[in-house]
Amino acid sequence: MRVVRPGFVPDPSLSREAMETLQREIAETAVFEDDLSVDPETASSDSEQTTLSGEAASAPLVAGVDQAFVDDRAVSAVVVTQGGAVVERAHAVERTEIPYIPGLLSFREGGAILAALERLEHDPDVLLVDGSGRIHFREAGLATHVGVTVDVPTVGVAKNLLCGAPERPLDGGFPEGTRVPIHADDAIETATAGTHVGDAVQTRQYDSPNRHVNPLIVSPGHRVSAETATDLVLATAAGYKLPEPTRLADRAADEAKTEVP
DNA sequence: GCGACAG
DNA sequence: ATCTTGTCGC
């Protein structure tokens with residue numbers, strides 16, 4: 001897949017000020033409503049499906065994107081899946097020009113991700129990106145930045161909350177399938193306080209008391225609503241905390257990392 | 001000045 | 001994210 005909005009390609013040489021200005025522009029362009037060809041119910045694990053009319057329908061292409069690092073190099077891996085099966089894998093290695101700065105992650109990792117996406121022969125119907133989407137100070141997290149730049153539906157899947165107010169405390173975890181709404185707070189300067197910007201999602205939980213799994217933080221990246229973003233994550237999770245496409249991309253990045261000079 | 005902060 | 005063995009718990 002290709003860049004559709006060249007002006008949004010993350011440029012690490014920009015000043016912090018310019019980066020933030022670009023993010024506000026990206027947020028205005030982003031669509032936090034459903035505009036995708038994926039039905040979460042058919043996104044899970046049985047590859048070929050059948051429609052009500054008996055027509056053969058192929059499951060949507062759901063891709064996972066994740067990065068690994070080796071010194072000043074970022075390795076971005078993309079794994080495209082369809083009904084749980086791997087359709088294609090691609091990865092790219094790019095130098096990181098700036099350090100990790102909360103709120104500006106896309107300017108550090110975005111370039112490598114776009115490079116990996118451009119090597120894909122199949123265009124995913126939706127991308128699960130590691131990190132935040134709309135749950136961001138200017139509603140332009142990594143998932144949103146990437147989604148808007150290539151104009152593909154994206155979902156942000158993070159392990160920690162960047163900002164925003166959970167409807168209930170997230171400590172201790174919840175039963176599997178639980179979703180706790182996260183609302184915009186003062187830290188999210190571009191949204192009206194109270195706006196539903198994402199969910200804490202419990203994709204997995206231990207049976208007994210003592211130990212517990214923390215929920216994932218899911219938010220819309222682009223062309224996906226908060227509800228659908230969570231539906232997709234729950235539908236593609238298969239017994240583990242991370243959704244399958246993300247887990248696959250995770251280890252693909254680690255493998256690729258091994259072969260980096 | 002203090003706090004808060006994805007990967 | 002990354003550096004890393006054992007260890008606690010199911």
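Each chain gets a letter, A, B and so on, in the order the sequences are listed, and its residues count up from 1. Only heavy atoms go into these numbers, but all of them, side chains included; no hydrogens, no water, no symmetry mates.
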Exercise. Taking it one step at a time, do A/T96 and A/D72 satisfy side-chain hydrogen bond (donor to acceptor under 3.5 Å, both in side chains)?
Worked result: CA-CA 5 Å; A/T96 53; A/D72 65 339; 5.7 Å; no
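- Inspection of the A/E167 and A/H183 side chains reveals an N or O donor paired with an N or O acceptor under 3.5 Å.
- Taking every heavy atom of residues 177-205 of chain A and every atom of DNA chain B, no pair lies under 4.0 Å.
- Environment of CZ in A/R5: crowded, with over 12 heavy atoms of neighbouring residues, nucleotides or ligands closer than 6.0 Å.
- Side chain to side chain, A/E244 and A/T236 fail the donor-acceptor criterion of an N or O pair below 3.5 Å.
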Exercise. Can you give one letter per nucleotide of nucleotides 4-10 of chain C, going 5' to 3': B for a protein heavy atom under 4.0 Å from the base, S for sugar-phosphate only, - for none?
Worked result: ------S
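- Around atom CD of A/E33, no more than 12 heavy atoms belonging to other residues, nucleotides or ligands sit under 6.0 Å away.
- Using a cutoff of 4.0 Å between basic side-chain nitrogens and carboxylate oxygens, A/E20 and A/R138 are scored as salt-bridged.
- For the side chain to side chain contact (heavy atoms under 4.5 Å, CB included) with A/T203, the lone residue among A/L242, A/V218, A/L234 that qualifies is A/L234.
- The stretch residues 221-228 of chain A does not touch DNA chain C, since none of its heavy atoms comes less than 4.0 Å from the strand.
- For DNA chain B, no stem formed by at least three consecutive Watson-Crick or G-U pairs, with both atom-pair distances below 3.5 Å, is detected.
- Residue pairs meeting the side chain to side chain donor-acceptor pair (under 3.5 Å) criterion with at least one member in residues 252-261 of chain A, sequence neighbours excluded, are A/R89-A/E255, A/R251-A/E255.
- The pair A/R2-A/D151 does not meet the salt-bridge criterion, since no charged nitrogen lies less than 4.0 angstrom from a carboxylate oxygen.
- Using a 3.5 Å distance cut-off with no hydrogens or angles, the side chains of A/Q202 and A/E176 do not pair a donor with an acceptor.
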Would you tabulate the nitrogen or oxygen pairs shorter than 3.5 Å linking the protein to nucleotides 4-7 of chain B?
residue : atom : partner : partner atom : Å
B/dA6   : OP2  : A/Y100  : OH           : 2.7
B/dA6   : N7   : A/G103  : N            : 3.2
B/dA6   : N6   : A/G103  : N            : 3.4
B/dA6   : N6   : A/G103  : O            : 3.2
B/dA6   : N6   : A/L104  : N            : 3.3
B/dA6   : N6   : A/L105  : N            : 3.1
B/dA6   : N1   : A/L142  : N            : 3.1
B/dA6   : N3   : A/S132  : N            : 3.0
B/dG7   : OP1  : A/K159  : N            : 2.7
B/dG7   : OP2  : A/N160  : ND2          : 3.0
B/dG7   : O3'  : A/D130  : OD2          : 2.8

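- Under the 6.0 Å distance and 45° angle rule, A/R179 does not count as a cation-pi partner of A/F174.
- A donor-acceptor contact under 3.5 angstrom links the side chains of A/H196 and A/E227, judged on distance only.
- Transitive grouping of hydrophobic side chains (ILVMFWY, heavy atoms separated by less than 4.5 Å) keeps A/L162 and A/L142 in distinct clusters.
- Looking only at atom types and distance, the side chain of A/S225 has a donor-acceptor partner in the side chain of A/T228 under 3.5 Å away.
- Between the side chain of A/E88 and the main chain of A/H122, a donor-acceptor pair closer than 3.5 Å is present.
- Residue A/D71 contributes atom CG, which lies 12 Å from atom P of C/dT2 at whole-angstrom precision.
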